[in-house]
Amino acid sequence: MSTVEPSNEELKNLVNSHIPAIHGSADIAVVLGFVGPDYGGIYYQGKLQDEAGNPLVLADATLFELGSVTKTFTATLYEYFVTSGAISKDAKLGDFYSGSGAAAELDAAYMPQATAIGSNYVDITLKSLANYTSGLPDTGIPVNSGTHYGISEMFQYLSGNPFELGKKGEYLYSNLGFALLAQAVATSQSQDFHTLLHQNILSALNMDSSMMVRLLGSRLTGLPMGYDAETGSPNPVTVAGATGFPAMGGAGALVSTPKDMMRWLRWNMGSKAAMR
């Protein structure tokens, strides 16, 4: 089976057919990465504004919030430690967290410590967190969490068995599942999740511009304005792992650039060149 490198006109037509609003007055942009046996590239169309409404350059180094694409990195990091033998393929949350008692306060919002988790959840395997079959709900964030939901708050909430699990083995999308997976991986290695991700995945792929959103500091407001597909207009972005919700970092808090994501695409398609 042979493949043909797409032309700019073909890529433009593809974007136009899926996002007709790109020709309107709103600042909307699309980045497409494409890879073949002997070709590859990044296609750009449209224009950007940041969350303050200022014009933003659309290029290889433009930072974007990845949202739930972060989960693919979290799952890859988990599998890395399983393959290396650092985490058992049958590991459960109960292997890292006590099944009773109140959650201990954490010294810092992003550093793992062994703490409590409700008895309803101790038998959940890390593998089921990674493949959405744990029975955990989508968010699992208490309604009174306000504007901050840290690791300590997550464990305090879960220590009280606040909800019953869905049927194990059935697919159920869960941000909470990936928040716990990231935390369990971090706890198993006694290290911060982002440090582990950078050392073992991002650095190996030379994705040096990719990081957790909390590390952006003053650059946070320079991220691109989001796009609401339902209304066809720009919309400020709020992701599961935003700075106010550090507990959910492994579910949606990574930012990256088109150049870095091209390396991620190539590596996921089996290209060893992405490692150089």
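Of the possible donor and acceptor atoms, one in the side chain of Glu153 sits under 3.5 Å from a partner among the backbone N and O of Gly150. With hydrogens and angles ignored, the 3.5 Å screen pairs a side-chain donor or acceptor of Thr62 with a backbone N or O of Ala59. Between the side chain of Asn200 and the backbone N or O of Leu196, at least one donor-acceptor pair lies under 3.5 Å. A donor-acceptor pair under 3.5 Å is formed between the side chain of Glu10 and the backbone N or O of Ser7. Under the 3.5 Å distance criterion, the side-chain polar atoms of Arg263 are left unmatched by any main-chain donor or acceptor of Met207. Judged by distance alone, the side chain of Asn54 and the main-chain N or O of Asp50 form no donor-acceptor pair under 3.5 Å. Judged by distance alone, the side chain of Thr195 and the main-chain N or O of Gln191 form no donor-acceptor pair under 3.5 Å. For the pair Asp260 (side chain) and Ser209 (backbone), a donor-acceptor distance under 3.5 Å is present. Remark: side-chain polar atoms of Thr187 are not paired, donor with acceptor, to backbone N or O of Ala184 under 3.5 angstrom. Looking at Ser128, its side chain never comes within 3.5 Å of a backbone N or O of Ile124 through a donor-acceptor pair.
Of the inter-residue distances, the one linking Leu32 atom CG with Leu11 atom CG reads 6.0 Å to the nearest 0.5 angstrom. With values rounded to the nearest 0.5 angstrom, Leu129 atom CG is found 12.5 Å from Lys92 atom NZ. The CG atom of Leu202 sits 9.0 Å away from atom CG of Leu77, with the distance rounded to the nearest 0.5 Å. Note that CD of Gln49 is 9.5 Å distant from CD1 of Ile28, once rounded to the nearest 0.5 Å.
Looking at Ser203 and Gln199, their side chains never bring a donor and an acceptor atom within 3.5 Å of each other. Side-chain atoms of Asn131 and Thr133 include a donor-acceptor pair closer than 3.5 Å. Side chains of Tyr44 and Asp60: a donor-acceptor N/O pair is present below 3.5 angstrom, by distance only. Residues Lys71 and Ser68 bring a donor and an acceptor atom of their side chains to less than 3.5 Å of each other. Looking at Tyr97 and Ser159, their side chains never bring a donor and an acceptor atom within 3.5 Å of each other. Side-chain atoms of Ser210 and Ser256 include a donor-acceptor pair closer than 3.5 Å. Looking only at atom types and distance, the side chain of Tyr39 has a donor-acceptor partner in the side chain of Thr3 under 3.5 Å away. Using modelled atom types, one finds a donor on one side chain and an acceptor on the other under 3.5 Å when comparing Ser119 with Asn161.
Between Asp192 and Arg214, at least one side-chain N (NZ, or NE/NH1/NH2) sits under 4.0 Å from a carboxylate O, which counts as a salt bridge.
Ring orientation note: the planes of Tyr173 and Tyr132 are close to parallel, at an angle under 30° on the 30°/60° scale.
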Does Phe81 form a side chain to side chain contact (heavy atoms under 4.5 Å, CB included) with Val185? I'd like the steps, not just the answer.
CA-CA 8 Å; Phe81 285 116; Val185 169; 3.7 Å; yes
Walk me through it: do Val35 and Met262 pass the test side chain to side chain contact (heavy atoms under 4.5 Å, CB included)?
CA-CA 9 Å; Val35 176; Met262 174 55 82; 3.7 Å; yes
Passes side chain to side chain contact (heavy atoms under 4.5 Å, CB included), Leu126 versus Lys89? Steps please.
CA-CA 8 Å; Leu126 270 58; Lys89 62 181 178 63; over 6 Å; no
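A continuous path of Ile, Leu, Val, Met, Phe, Trp and Tyr side chains, each step under 4.5 Å between heavy atoms, connects Phe178 with Val82, placing both in one hydrophobic cluster. Connection of Tyr121 to Leu172 is not established within any shared hydrophobic cluster, with ILVMFWY side chains joined at heavy-atom distances below 4.5 Å, either directly or through further cluster members.
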